[in-house]
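One structure below.
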2 protein chains.
Amino acid sequence: MSTAVRPSLIEISPHTTRPTALPDHVYAVLKQRILSCALPPNERLIEKKLCAELRVSRTPLREALNRLSHEELVSFQPHAGYRVAGITLAGFKNLIELRSIVEPQAAALAAERATPADLAALRAQATQPHDPSEEHSFIQYCQANSHFHLLVVRCARNSMLENIVMSALDMYQRPTYLRIGRQMDPSNPSSKHHAIVDAIERRDAEAARTIMRQHIQGGGERIMAALQAAHIT
Amino acid sequence: MSTAVRPSLIEISPHTTRPTALPDHVYAVLKQRILSCALPPNERLIEKKLCAELRVSRTPLREALNRLSHEELVSFQPHAGYRVAGITLAGFKNLIELRSIVEPQAAALAAERATPADLAALRAQATQPHDPSEEHSFIQYCQANSHFHLLVVRCARNSMLENIVMSALDMYQRPTYLRIGRQMDPSNPSSKHHAIVDAIERRDAEAARTIMRQHIQGGGERIMAALQAAHIT
DNA sequence: ATAAATTAGCTTGTATACAAGTATACAAAT
DNA sequence: ATTTGTATACTTGTATACAAGCTAATTTAT
């Protein structure tokens, strides 16, 4: 490829890993565009066009596409190419079920294992304010929400759990964005988050588990209703 | 690459997916060799040598290596290449914790959702005999065991859970093999399996969850002891 | 003799050419 | 008008050449 200055590839990245090598850049950019719906669901992803746009050759691009397809953010058929993964009600139900299984247990472990530094970080993230008058407020709010859940699972000190929850939170992002325009959670998720931190702080694993489960299932049902209202099957 | 007849690439594959394209073949072969310890932990994986041996070019090989590294069956450092992932006690603890979280809940869901056909398949797999006098008996026994757990999670009808458990079962394989030579589980896992099927059959989600949790934790502790005895940190 | 530095070899990273397969558009027949 | 067959253009699959970077061995200086 040319040695010309590469355009700023990294825009924003929800939970990125090594932002070093070329395939990782491409992965991060595509993931951001997919999760933000800048690349809409079911959009065809043609290697040559993406190569030209991102100024990379097909090799690192294909590596990124492969990663995304294994994370089920893009779908793939042999010799028929890649598409941005569609959003389905069934898929979202599976996702909620997964989160309802893993995150409450992770919260219970967090209650046993969180350090004082962890607690401080959790409290800070739960307190994170968002200005509803701002244009980007809803997206910021979603990402802050997501980050809080990530911090909780990190307290469980289990990288496998962490990876699963990270991936689940990523997949949760697009269905959430479809709710843009609708009112936010009337039960105020921030107070739920504080309640979770409270439980972790007093080492009450059972309460942490229960509140987390209710929090996830409540939010999930609201989004499912929105999906059905949007006639997404 | 040459058009000469390709050697039989697929040997045995625990849980393989599309066995169609070249990268999938390579993936399946490498995975089998890694999980069976034919490629021992920490072995360096040099692209050129593997290419020559498997008669493929670097492109499909690298795709397979990438997949394996994201599944944490091979480790990777930029410009320093791939190695077969090491086996660590900490990693195994995380794995047990993950399985203890996901599989009991999956068993509970299975109790709600299993069809008569599911129940028949579960019962058949739990009854699967193994001949302790056979040379390959231990490995067959492990794989039958693994397959039973896979069937249970399939009854939960959630592909995300299924993928997580499939991956976890794969990662469980190598630590189990290190126990070769030691006696098998004296508490007879087959009877535990039947107890799980019993619970699912009578739609007793609570019992299914409990028995599955005890089964996983019991087996995990025995293997952990073996790992420590083998001085694996 | 030991340790640091340099260089040679090897391995991985990227780009691109070529092969194989697919989809679409167009034409012809029902 | 609809459907089916075919050909063309396009997309993906694989191989390989070249560039960049790491490893390790060898040499030199202390």
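No hydrogens, no waters, no symmetry mates; every other heavy atom, side chains included, goes into these values. Chain letters run A, B, ... following the sequence lines, proteins first and then strands; every chain starts at 1.
Minimum atom distance to the side chain of Ala80(B) is reached by dT23(D), of the listed dT12(D), dT23(D), dA23(C). For Thr59(A), the side-chain atoms get nearest to dT16(C) when compared with the rest of dG21(C), dT16(C), dG13(C). Between dG21(C), dT23(D), dG13(C), one nucleotide has an atom nearer to the side chain of His79(A) than all others, and that is dG21(C).
Of the side-chain N and O atoms in Arg62(A), one or more sit less than 4.0 angstrom from OP1 or OP2 of dG13(D).
For the pair Lys49(B) and Glu43(B), the salt-bridge criterion is not met [side-chain N within less than 4.0 Å of a carboxylate O]. At a threshold of 4.0 Å, the pair Asp118(B)-Arg157(B) counts as salt-bridged, since one of the basic side-chain nitrogens sits closer than that to a carboxylate oxygen. Remark: Asp24(A) does not engage Lys31(A) in a salt bridge, criterion side-chain N to carboxylate O under 4.0 Å. By the 4.0 Å N-to-carboxylate-O rule, Glu97(A) lies close enough to Arg113(B) to be salt-bridged with it.
DNA chain D is contacted by Arg44(A), Leu45(A), Ile46(A), Glu47(A) of residues 38-50 of chain A, taking any non-hydrogen atom closer than 4.0 Å.
In this structure, Asn66(A) atom CG and dT12(D) atom C1' are separated by 12 Å, rounded to whole Å. The distance between atom CZ of Phe76(B) and atom C1' of dT12(C), rounded to the nearest whole Å, is 8 Å. One interatomic measurement links the two molecules: CZ of Arg58(A) to P of dA19(C), which rounds to 15 Å at whole-angstrom precision. Between Leu61(A) atom CG and dT11(D) atom C1' the separation is 13 Å, expressed in whole Å. Put simply, CD on Glu63(A) is 17 Å from P on dT12(D), counting in whole angstrom units. Between the CG atom of Leu22(B) and the P atom of dT12(D) there is a distance of 18 Å, given to the nearest Å.
Side-chain atoms of His193(A) and Asn145(A) form a donor-acceptor pair, as typed in the model, at a separation below 3.5 Å. A donor-acceptor pair shorter than 3.5 Å cannot be found between the side chains of Gln32(A) and Tyr27(A).
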